[in-house]
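Every chain is numbered from 1, with letters handed out A, B, ... down the list of sequences. Just so we're clear, the structure is a prediction, and the values are computed from it rather than from any experiment. Just so you know, these numbers use all the heavy atoms, side chains as well, and skip hydrogens, waters and symmetry mates.
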Amino acid sequence: MSTAEYESTAEYEGDVTVLEEQFTEQKSVGPIELESQDVSVWFGKRKVLEGVNIACPKNTVTALIGPSGCGKSTYIRTLNRLHELIPGAALAGSVLYEGKDIYDTDIDPVHIRLQIGMVFQKPNPFPSMTIRGNVLSGLKLSGLKRDQHDDIVEETLTSAGLWNEVKDRLDSAAGELSGGQQQRLVIARALAVQPHVLLMDEPCSALDPTSTLKIEETIRELSKDITIVIVTHNMQQAVRVSDYTAFFLAAENEPGYVIEQGPTTDIFGSPRDQRTLDYVNGRFG
Amino acid sequence: MTQVLDREQIAEWSGQQPQRPWTKKPARLQAWIAVAALLPSALVALIFTYTEIPGPILLVAVFFPLQLLAAGIAAIATKGRQGAADSVIIVLSVGATLFSFIILTSVLGSLIVRGIGALWGEDGFRSSFLFQNNVYINPSTPLEYGGLGHAVIGTVLIVLIASLIAVPIGIATAIYITEVRGRAVPYVRFFVQAMSGIPSIVAGLFILTVLIVSGAMNQSAFAGGLAYAILMLPTVARTAEEVLRLIPEELRTGALALGSTRARVVLRVVIPAAKTGVITAIILGVARVIGETAPLLLTSLKSDQTILNPLGNPIAALPTYIFDNVALPYPGAVTRAWGAALVLMILVLILFTLARILGRDRLNRFR
Amino acid sequence: MAAPPTETRRDLDSAATSHRGDRIFNRGITAAAFTALLVLAGIAIFLGIAAVEAITTQGWSFLFTTEWKVDQGDEPVAGIWGMLYGSVLLAVIGLVIAVPVSLLLSIFIVFLAPRRLARMMTNVIDLMAAIPSIILGLWAFYLLTPPAEQWQFLLNKYLGWIPIFQNESGNFNGTPFIAGFVLGFMMIPIITSVSREVLGRTPPELINAAEALGCSLWTMLRHVALPYGRGGIVGGIMLGLGRALGETIAIFFVLKLVYDINWYKIIESEGGSVATLIVATFGEVSGPYELNLLLAAGFFLFVGTLAVNVIANLIVQKTGRSER
């Protein structure tokens, strides 16, 4: 049926009420820390994302799922203004952090990136620095001043679940660590600049299952103080780790968009769109 | 309950235009940038008009530090201390680029401005400069008479001899590395690399010692060609190696599977496939040596006559022709030197451009 | 139970073959490939013989004397000390100019310039490398010297209290400063292409990590790109150095060759360079003995540039591999 017909049914009224309630419910979890409004993304002339509206409440974990290539990684890069560093990048819409649009002309992108950190798919500690040096590298790179470097190193490595393994060799090279350890080091490095939000782009996809579980534990712990947005291909991971989930999809040669989003239990337990159902049951992707 | 996207809403969003909000600078920053960019230039222009200080000194000693200072202050005022380092780097690197560009323009420009006098007389293009030789010319002879034809022939002869030696050996070296793949490959590469560092004068000295001093040969085009070959070989070998590496392995294995011998695979399959690359290697090798003067000063000397015999007599060549005419106190001779330099540079440019064009085609073939 | 069959391992050597034509082909190609070694050895031997003769007749002072009196007949005394030092001094002056300019150029090309400009600049720099040295020598003599004389005059006038800017002769041509300047310009394309390549290979994931942590251009360069590219850049600098040490013609007309050492007065009209000595003296060689001395000088030049070059290539290769 067409939109007009749908809007005249009683079902529509009911749906709207539910949506409004659920939206209020979502917002009553706490203030929205990070929210995108009608964000569309282009690379040159090619539109890769269409009208993404996602609100992430404070201290929750939001998972972004969907088949590869539908723009999830591009999307999170608009949240910490890394997107604009790619030649030809453009966007429309706004991204609100603590209520303010991060793309306002008087906002310093460095400030945003300190508040909204990022962990990448492939662990990327700086090979020319020691473990200690890596953790503190954010301070050197951004010019942020903090005291008590030793305390910072211990705190962040503990939060990242790596302290016990490396406390005796803080001055050894970061390249000697295993993949899982490197990724935890990277998390500690991101934490050292005290972000309020942590974006994670498939942080476990290059790691073995044991490291993956350790990092998932870390994520759940961190989410008590930090809002986390995680892109993942692993649906069980999304279930284990996140409070809210958004499902992205893109048809061939078309921009990606969010088909369905909501509490994780609902997305996986009772999705309303057929495509979501198919995806979470592994029928494609 | 979950939120499902209403497809109709997409129509709304399609009206959005792509924007780049990060490129908009707040008014305050724009004002600072304008000041930082214009103030130093204005100041320097004033100083230049009212004092005697020469241009280049003004640029380096006054304008540059002023611009640095202005950029630094502007950055600190708008972005804080972090921004200052960035603007300093930007100003310095733009400065370095301008510096190199100015010198390069001066070099190339001087060639044209000062050399054109030899090639262009009152009656237009002076082909005599290109074709005649120096036999009856002395430094004060007017430019209508005489030319560098003999030098051009000499250069061609010497480069030809060098190529006949260096090209087959260079390609053979590359074949050893990529096709034969013997156990000595790392050593061969090491030797070729070491050879590429031989100063041109040492190459000349070597040929001088081995062939001329020992009496086996006179100074001649052949000796010069041998010296050039030493300098050309590493370039040809290295470029040919790069090019042969690009040939996909399937070509070789396919030919072998058809029962071809190794030698035929290389000669009939791989080399033809790498044709343009091999030609590029040769061109680059020629471009590398064509302007080398020092080795010729020791091996082929100079001459005023047009000589076609590669053995037995000293012979003229473009670089040595320039060398002879450079410091003479006669403006005519100096113009000849510039004219010859212009001709030499044009030759190098042609070779360079040819190599570039061929190189691009080569890359496109395998995409 | 029967004993298991024994295995004999057969190494399959890809170069070995039983086909006669191929064997000839392989032998021929291998022989050709060793030409490089042959030439290097040949130079070392032939020039080395001359060097040995020079040392036996002059003693090791050949390397440490600054006189050149060879046409005395009885007691020739000759040494290349001034030239050796001069070559190094000129190269250092060249490096002082070339290294900052090249680094800044490569930073500009890799991190600042828009793509099309970067490509154009790369081509222009390759063109710079192709300019024959005689043309640079010509340019230096006629176009660089006049303004340079003026600059040096002013340097001496206002900063002459600094030892390196002293000048007694009142002449400002043929100075190490001018010759060094030309060498610097020659080194720029070499150092820039190597640096550019190395910096361009900085792993994007490291740059992304730095960006996500709020880096600025300078902090990214200082903590990520330059540490990564350090080895390659040093290698490139040494390659440029090797080139400068052996350069003859570009500085031939703009260096006043003097046998005494000019230690530090870079705007004084006297200097030395082994390569220039050889070319300058060759035309008027008084006899086979003097020629032999020049060959000996060539030997030391060969050894010096070879050493620098080999070290440079080792550095460049080693850092290339360790980044895997």
Chain C shares the most heavy-atom pairs under 4.5 Å, among M118(A), K122(A), Q121(A), with K122(A)
message: Regarding R220(A) and E216(A), does a basic nitrogen lie under 4.0 Å from an acidic carboxylate oxygen?
response: no
Under 3.5 Å, is there a donor-acceptor pair linking the side chains of N124(A) and R189(A)?
yes
*asked:* Would you say T156(A) and S159(A) are linked by a side-chain donor-acceptor pair, where the criterion is simply a distance under 3.5 Å?
replied: no
Turns out that what part of R115(C) lies under 4.5 Å from chain A's heavy atoms comes down to side chain
Is [X] in contact with chain C via its backbone, its side chain, both, or neither, using a 4.5 Å heavy-atom distance?
X       : answer
K140(A) : both
F126(A) : both
P125(A) : backbone

Between N59(A) and K224(A), is there a donor-acceptor pair closer than 3.5 Å when you use the side chain of the first and the backbone of the second?
yes
- Give a yes or no answer on whether the side chain of T305(C) reaches the backbone of L301(C) with a donor-acceptor pair at less than 3.5 Å. yes
